[in-house]
Amino acid sequence: MRYWLIKSEPDVFSFDDLLAAPKQTTCWDSVRNSSARNFLRDGMKKGDLAFYYHSNAEPSAIVGICEVVREGYPDHTALDPSHDYYDADSNAATPTWFMVDVKAVKKLANPVGLPEIKNSAALSEMALVKVGRLSVVPVRPNEWETVIAMSEGRS
DNA sequence: GCCAACGTTGGC
DNA sequence: GCCAACGTTGGC
């Protein structure tokens with residue numbers, strides 16, 4: 001099993017929105033970056049866990065945990081001309097963009113903010129910090145444990 | 001609102 | 001295939 005981190009702007013779709021969604025599940029669509037796409041299509045497996053990170057937020061922080069409940073499948077928003085994220089260069093036969101379904105597992109006891117992450121020696125190599133822009137990034141097991149400990153005030 | 005990082009596009 | 005221009009992300 002692998003660990004991940006997915007980002008969303010809380011103004012667009014927050015963790016609370018996920019908790020309020022039917023079955024607490026949503027399709028993680030509209031990713032239009034090829035590196036992130038590769039993680040969605042090839043890396044994420046059913047049962048993998050992911051941190052839910054609020055970007056462009058006050059404060060920017062890891063706020064919850066969710067689980068991959070459906071593995072990579074074509075992102076329909078890329079194929080729908082009426083959609084904001086329509087990609088005229090993609091097609092249903094050979095889809096360019098993929099998404100997964102994620103289900104909320106739980107909210108963290110306390111959010112773990114970006115400054116805390118940056119201040120933690122154990123998290124200095126985290127992809128979140130190293131490769132800022134990617135909306136889907138892997139998390140190492142020791143990083144996962146460290147963040148969980150911080151959220152529970154055990155750090 | 002600025003800007004750094006970095007992916008993508010397109011001219012040559 | 002190089003590289004300049006441009007767009008996007010997201011921290012600050």
Side-chain angles (χ1 to χ4, degrees), chain A residues 2-21 26-44 48-68 71-102 104-105 107-140 142-151 153 155:
Chain A
R2 299 177 69 180
Y3 296 108
W4 306 92
L5 180 146
I6 60 178
K7 295 183 191 175
S8 182
E9 300 193 24
D11 290 348
V12 178
F13 197 84
S14 70
F15 192 71
D16 286 338
D17 291 332
L18 180 59
L19 288 172
T26 191
C27 52
W28 203 254
D29 63 14
S30 306
V31 171
R32 297 289 181 271
N33 171 285
S34 51
S35 301
R37 183 274 318 278
N38 292 344
F39 290 135
L40 292 171
R41 185 189 59 192
D42 308 325
M44 295 175 101
D48 284 359
L49 295 177
F51 284 133
Y52 197 105
Y53 175 80
H54 281 170
S55 65
N56 252 324
E58 192 52 52
S60 293
I62 294 170
V63 296
I65 295 171
C66 52
E67 177 185 351
V68 177
E71 294 177 15
Y73 62 107
D75 181 344
H76 57 77
T77 65
L79 305 170
D80 175 0
S82 70
H83 200 281
D84 284 350
Y85 288 90
Y86 175 61
D87 176 8
D89 294 332
S90 72
N91 64 78
T94 55
T96 307
W97 305 114
F98 285 75
M99 60 188 181
V100 299
D101 286 356
V102 294
V105 172
K107 204 169 185 167
L108 293 184
N110 299 290
V112 177
L114 188 60
E116 296 173 68
I117 292 167
K118 288 188 162 175
N119 282 336
S120 165
L123 301 179
S124 62
E125 296 297 312
M126 237 186 140
L128 171 68
V129 179
K130 286 258 167 182
V131 203
R133 296 166 20 271
L134 270 190
S135 57
V136 179
V137 289
V139 174
R140 297 178 187 148
N142 68 306
E143 294 166 346
W144 183 273
E145 292 305 323
T146 300
V147 172
I148 297 290
M150 288 165 74
S151 74
S155 60

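In what follows, chains carry the letters A, B, and so on, assigned in the order in which the sequence lines appear, proteins first and then strands, with residues in each chain numbered from 1.
Listed pair A:Y53 / C:dG11 meets the phosphate criterion, a side-chain N or O lying under 4.0 Å from OP1 or OP2. The shortest distance between the side-chain N/O atoms of A:K7 and the OP1/OP2 oxygens of C:dT9 is not below 4.0 Å.
Residue-to-nucleotide proximity on DNA chain B shows that, of A:V131 and A:N56, the 5′-proximal contact is made by A:N56.
With salt bridges taken as basic N to acidic carboxylate O contacts below 4.0 Å, one links A:D75 and A:R32.
What separates CD of A:E58 from C1' of C:dG10 is a distance of 13 Å, to the nearest Å. If you take CD1 of A:I6 and P of C:dG10, they are 12 Å apart, rounded to a whole angstrom. Note: CG (A:L134) to P (B:dT8) measures 10 Å, nearest angstrom. The interatomic distance linking A:D11 (CG) with C:dT9 (P) rounds to 15 Å, in whole Å. Rounded to whole Å, atom C1' of C:dT9 lies 15 Å from atom CZ of A:R32. As rounded to whole Å, 12 Å separates atom C1' of B:dT8 from atom CG of A:D87. Atom CG of A:L128 and atom P of C:dG10 are 10 Å apart (whole Å). Atom-to-atom, CZ of A:R37 to P of B:dG7 comes out at 13 Å; the value is rounded to the nearest Å.
Aromatic pair A:W4/A:Y52: centroids not less than 6.0 angstrom apart. Under the 6.0 Å cut-off for aromatic ring centres, A:Y85 and A:W97 do not qualify, their centroids lying 6.0 Å or more apart.
Residue A:S34 places its side chain closer to B:dT8 than to any other of C:dG10, B:dT8, C:dG11. Side-chain atoms of A:R133 lie closest to B:dC6 of the nucleotides C:dC12, B:dC6, C:dG10. Of the candidate nucleotides B:dT8, C:dT9, C:dG11, C:dG11 has the atom nearest to the side chain of A:S60. Considering only side-chain atoms of A:K118, the nucleotide from C:dT8, C:dG11, B:dT8 that sits closest is C:dG11.
Ring-plane geometry between A:W28 and A:F13 is classed as perpendicular, the angle between the planes exceeding 60 degrees on a 0 to 90 degree scale with a lower cut at 30.
The shortest distance between side-chain heavy atoms of A:V139 and A:R2 does not fall below 4.5 Å.
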